[in-house]
Amino acid sequence: MKDPRNMTFNELKTWLNDRLQMRGTAAADINIRRDEAPYEQSAKLWKAGNDEFRMSFKRAVMDLVAEAGATPWEPAHFSELGLLIESANLWEAVTPLEDIAQSRRLLGHAHGPQLHMLALRTLLALRWTGTLDFWLAQKELVGARWPGIIFEGLAQQDVDLAFGQLPELVTSRETMREILHLFPGLMREHRLGISTLRERCRRVVDKLHPDAAEAMRDWFRRRNYPIELPSRQVNLSLITAIQIVLAQESEPRFRSPMLCGLSKGNCVPA
């Protein structure tokens with residue numbers, strides 16, 4: 001087969017298309033047994049290519065993104081296209097990917113929601129932040145199936161707001177794990193110490209689904225930073241305990257926080 005670096009633009013585009021979609025001679029040398037991904041060889045060519053090759057390569061990839069947005073690819077193949085874009089750090093792909101997400105045109109197809117999510121994933125990988133309104137709209141579209149994507153996007157806008165959305169985004173231990181996998185990266189990117197992260201979680205943990213809340217507590221317990229009960233819960237428990245004790249005693253032994261004893265109804269130092 002002809003070396004992709006010596007191909008014309010149309011030949012290169014066809015080769016990329018076939019390779020990413022695992023078709024024909026372009027994909028014949030992919031060694032699946034060695035866990036080689038379809039995008040990897042293409043990414044290596046991009047990194048080693050000269051300026052002329054890179055220009056043709058970039059044009060071809062942009063065309064493929066536009067075509068995949070118009071005539072949906074299989075999710076696995078669209079994922080490979082996204083991974084290639086991420087590996088080559090092709091910022092130019094932001095515009096067509098954002099157009100796919102904003103238009104919502106993929107959502108009507110059989111695998112539309114997954115394709116829509118993959119477009120969002122690639123946008124995040126390119127460090128595109130979007131807007132708060134954009135991510136709140138995506139929450140309504142695919143947040144129930146991919147809460148981690150939405151949480152990550154919201155955190156790019158407002159970390160506190162992202163945590164405030166957790167009670168609506170996570171509905172089980174499994175979906176909570178998607179969020180927990182993001183915590184190390186979140187800490188690095190936003191320079192959050194684990195104590196600060198714990199404080200944000202403490203504010204919402206009692207509002208989460210019980211299984212999700214337990215998964216969050218487990219994450220902090222394993223790191224020796226257990227989440228304490230919110231203060232309002234502790235206070236309520238303390239008040240309840242005092243009321244029970246007082247109700248069981250006909251004459252309280254103590255009448256004030258200071259240590260005192262009972263002497264004919266008067267409080268004197270014990």
Side-chain angles (χ1 to χ4, degrees), residues 1-128 138 141-142 145-146 148-149 152-153 178 181 185:
M1 187 187 71
K2 188 175 181 181
D3 188 327
R5 286 168 292 191
N6 297 324
M7 291 178 178
T8 66
F9 170 76
N10 287 331
E11 289 174 335
L12 177 61
K13 178 180 170 182
T14 300
W15 181 83
L16 281 171
N17 195 351
D18 288 346
R19 184 149 186 113
L20 295 173
Q21 298 198 60
M22 296 287 289
R23 297 185 306 214
T25 57
D29 63 335
I30 296 176
N31 194 334
I32 298 175
R33 289 178 299 175
R34 296 180 60 183
D35 294 327
E36 180 185 0
Y39 80 91
E40 288 181 330
Q41 180 62 24
S42 306
K44 290 177 182 177
L45 289 171
W46 158 262
K47 292 173 182 177
N50 57 30
D51 290 344
E52 183 179 357
F53 173 78
R54 285 183 169 222
M55 287 181 62
S56 294
F57 188 99
K58 190 182 301 183
R59 282 179 55 209
V61 172
M62 296 307 106
D63 281 0
L64 292 180
V65 173
E67 291 174 11
T71 304
W73 289 14
E74 289 294 320
H77 301 154
F78 192 56
S79 177
E80 293 293 333
L81 177 58
L83 290 170
L84 174 58
I85 290 168
E86 179 182 349
S87 179
N89 195 28
L90 298 179
W91 174 256
E92 293 82 357
V94 163
T95 298
L97 287 169
E98 183 184 0
D99 178 63
I100 289 171
Q102 293 281 20
S103 69
R104 308 182 184 184
R105 59 176 174 267
L106 292 177
L107 294 173
H109 296 275
H111 301 292
Q114 189 173 358
L115 295 169
H116 188 94
M117 177 276 294
L118 290 169
L120 297 177
R121 186 195 72 180
T122 307
L123 284 168
L124 286 171
L126 292 172
R127 317 305 298 167
W128 180 82
Q138 306 316 305
L141 294 174
V142 297
R145 293 180 62 180
W146 294 284
I149 291 287
E152 190 175 356
E178 288 186 34
H181 288 323

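Being a predicted model, the structure only gives us computed values, none of them experimental.
- When the side chain to side chain donor-acceptor pair (under 3.5 Å) test is applied to R23, the partners found at least two apart in sequence or on another chain are N17, D18.
- Heavy-atom contacts from other residues, nucleotides or ligands closer than 6.0 Å to CG of D51 number 12 or fewer.
- Note that CG of L97 and CG of L81 are 7.5 Å apart. Values are rounded to the nearest 0.5 Å.
- Scanning both residues, G82 and T122, for their nearest heavy atoms gives CA-OG1, 3.5 Å.
- Contact check for Q41 versus R19: side-chain heavy atoms found under the 4.5 Å cut-off.
- Side chains of I149 and V142 form no contact here, defined as non-hydrogen atoms less than 4.5 Å apart.
- Looking at every heavy atom in both residues, A93 comes nearest to I85 through CB-CG2, 3.7 Å.
- Using a distance-only test at 3.5 Å, with no hydrogens or angles considered, no donor-acceptor pair links the side chain of Q114 to the main chain of H111.
- Counting all heavy atoms, side chain and backbone alike, G69 lies closest to I100 at CA-CD1, 3.7 Å.
- Expressed to the nearest 0.5 Å, how far CZ of F57 lies from NZ of K47 amounts to 10.0 Å.
- Note that the OG atom of S79 and the CE atom of M117 stand 7.5 Å from one another [nearest 0.5 Å].
- A 4.5 Å side-chain heavy-atom check between R121 and L83 finds at least one atom pair inside the cut-off.
- The two residues W146 and P113 have their closest heavy-atom pair at CZ3-O, 3.5 Å.
- Looking at every heavy atom in both residues, L118 comes nearest to P75 through CD1-O, 3.4 Å.
- The aromatic rings of F78 and W73 sit perpendicular to each other, their planes meeting at more than 60°, with 30° as the lower class boundary.
- Remark: L115 CG to H109 NE2 distance equals 8.5 Å, nearest 0.5 Å.
- For W128, the ring-ring contact (aromatic ring centres under 6.0 Å, His included) test picks out F134, with sequence neighbours left out.
- Between D99 and R105, some side-chain heavy-atom pair lies under the 4.5 Å cut-off.
- Residues Y39 and L20 meet the side-chain proximity criterion, which asks for heavy atoms closer than 4.5 Å.
- W15 meets the ring-ring contact (aromatic ring centres under 6.0 Å, His included) test with no other residue; sequence neighbours excluded.
- Contact of the L12 side chain with the F53 side chain is registered, since non-hydrogen atoms from C-beta on lie closer than 4.5 Å.
- When all heavy atoms of G153 and L124 are compared, the pair lying nearest together is CA-CD2, 3.9 Å.
- E36 contributes no side-chain N or O that, together with a main-chain N or O of I30, makes up a donor-acceptor pair within less than 3.5 Å.
- Around atom NZ of K44, no more than 12 heavy atoms belonging to other residues, nucleotides or ligands sit under 6.0 Å away.
- Rounding to the nearest 0.5 angstrom, the gap separating the CE atom in M62 from the NZ atom in K13 is 12.0 Å.
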| Full working for side chain to side chain contact (heavy atoms under 4.5 Å, CB included) between V61 and W46 | CA-CA 11 Å; V61 172; W46 158 262; over 6 Å; no
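- Here the CZ-CD distance, from R59 to E92, works out to 13.0 Å after rounding to the nearest 0.5 Å.
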